[in-house]
2 protein chains.
Amino acid sequence: MDSTQQLTPEDDLAYNVFAKACPSRGTLEHVTGRWGGLTLGALYEGSLRFNELRRRVDGVSEKMLSQTLHALERDGLVHREAQPTNPPRVDYDLTPLGHQVAERLLALIHCVEGSMDDVLASRARYDETRGAL
Amino acid sequence: MDSTQQLTPEDDLAYNVFAKACPSRGTLEHVTGRWGGLTLGALYEGSLRFNELRRRVDGVSEKMLSQTLHALERDGLVHREAQPTNPPRVDYDLTPLGHQVAERLLALIHCVEGSMDDVLASRARYDETRGAL
DNA sequence: CAGCATCCAGCTTGATACTG
DNA sequence: CAGTATCAAGCTGGATGCTG
């Protein structure tokens, strides 16, 4: 770590994402990864079964959803409830911790969604000025 | 779009990340991507030059930082201020929109950082119960 | 200093097929 | 239904070398 750089209050936390080797970086990637965020977002509204999730998160493959769910379960953000019936029924829902994280995540998502008009306008401007090259 | 699925209030927004083809999905990925989030986080504290950013975001390559910065600039989240001096000096900082987004993002990051003890404990439990396989 | 162009290893992802 | 296993393809991202 380069101790010459300025430290802000946030940097005093034991787990600092800005550090390459920090474990929080991994968890943050599970949360913000391609499917992690959407999965948490979907579960925020309530418990869902595997294939419900799959339909809800438009575009995930079976494999990716499975993988994502495992990572989130391991991190303690998602709870998996399997009923040994036939056919099998498995429900996924957020843990209290997962709920906290999802809340922040959704705030971010909604912020981005709500800004899309500006973003799209900015893109158009950017592409116009230097789009010719 | 599958209109048979339940719609929650959030789904009424014009740009819904849960939809595969939605442009907000792309922007969200710029923001939450491997380097996007850390870049926004770093700039939240103030303007930084290219190599300052590179040092601050531990692990980015030149190429990825450059790429990330372009995407964020195009989306209107980051402002690039180049001075035609020699040697060149370029400052990056957040736009008001970028600031809003970064705020939410940092809330998420800090939430995750602050939960790492729980996460790590959960991982240990998870690995212990089924780690033997 | 602030980048862009190129090359290429390897990780991620999506299809497909199969199991309990 | 709820997954796992396998494989090929494509994209990601790091290293290197060069420009202004």
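Chain letters run A, B, ... following the sequence lines, proteins first, then strands; residues in each count from 1. Predicted model only: the values in this text are computed from it and were never measured.
Within the structure, a side-chain polar atom (N or O) of B:R49 is placed less than 4.0 Å from OP1 or OP2 of C:dA2. Side-chain nitrogen and oxygen atoms of B:S66 include none within less than 4.0 Å of the OP1 or OP2 phosphate oxygen of C:dA2. The phosphate of D:dC1 (OP1 or OP2) has no side-chain N or O of A:Y92 nearer than 4.0 angstrom.
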Using a 4.0 Å cut-off on protein heavy atoms (strictly under), produce a 5'-to-3' string for nucleotides 14-20 of chain C with B for base contact, S for backbone-only sugar-phosphate contact, and - for none. BB-B--B
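Counting any heavy atom pair closer than 4.0 Å across all strands shown, A:R54 reaches no nucleic acid atom.
Rounded to whole Å, the distance from CD on A:E73 to P on D:dA2 is 15 Å. Distance, A:D91 CG to D:dA2 P: 8 Å, rounded to whole Å. The distance from atom CG of A:L48 to atom C1' of D:dA2 is 15 Å, rounded to the nearest whole Å. Distance A:E81 CD to D:dG3 P: 13 Å, rounded to the nearest Å. In this entry the distance linking CD of B:Q67 with C1' of C:dG3 reads 13 Å, nearest Å. If you measure from atom NE2 of A:H70 to atom C1' of C:dT13, you get 16 Å, rounded to the nearest angstrom. Atom CD in A:E52 sits roughly 8 Å away from atom P in D:dA2 (whole-Å rounding). If you measure from atom CZ of A:R55 to atom P of D:dG3, you get 13 Å, rounded to the nearest angstrom.
The list of salt bridge (Lys or Arg N to Asp or Glu O under 4.0 Å) pairs with a residue in residues 14-43 of chain B, not counting sequence neighbours, reads A:E29-B:R34, A:R34-B:E29.
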Quick one: do B:R89 and B:D91 satisfy side chain to side chain contact (heavy atoms under 4.5 Å, CB included)? Show the steps, please. CA-CA 7 Å; B:R89 178 192 177 97; B:D91 290 276; 3.1 Å; yes
Take B:T39 and B:Y92 through the side chain to side chain contact (heavy atoms under 4.5 Å, CB included) test and state the conclusion after the steps. CA-CA 10 Å; B:T39 302; B:Y92 291 94; over 6 Å; no
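B:R104 CZ to A:I109 CD1: the interatomic distance, rounded to the nearest 0.5 Å, is 12.5 Å.
Taking the six-membered ring where the residue is Trp, A:H99 and A:Y44 present parallel rings, their angle staying beneath 30° rather than reaching 60°.
The side-chain heavy atoms of B:R80 and B:L69, taken from C-beta on, include no pair separated by under 4.5 Å.
Proximity of a side-chain donor or acceptor of A:S24 to a complementary backbone N or O of B:E113 within less than 3.5 Å is not detected. One N or O on the side chain of A:T32 and one on the backbone of A:L28 form a donor-acceptor pair closer than 3.5 Å.
No donor-acceptor contact under 3.5 angstrom links the side chains of A:Y126 and B:D75, judged on distance only.
Within residues 36-44 of chain B, no residue has any heavy atom closer than 4.0 Å to DNA chain D.
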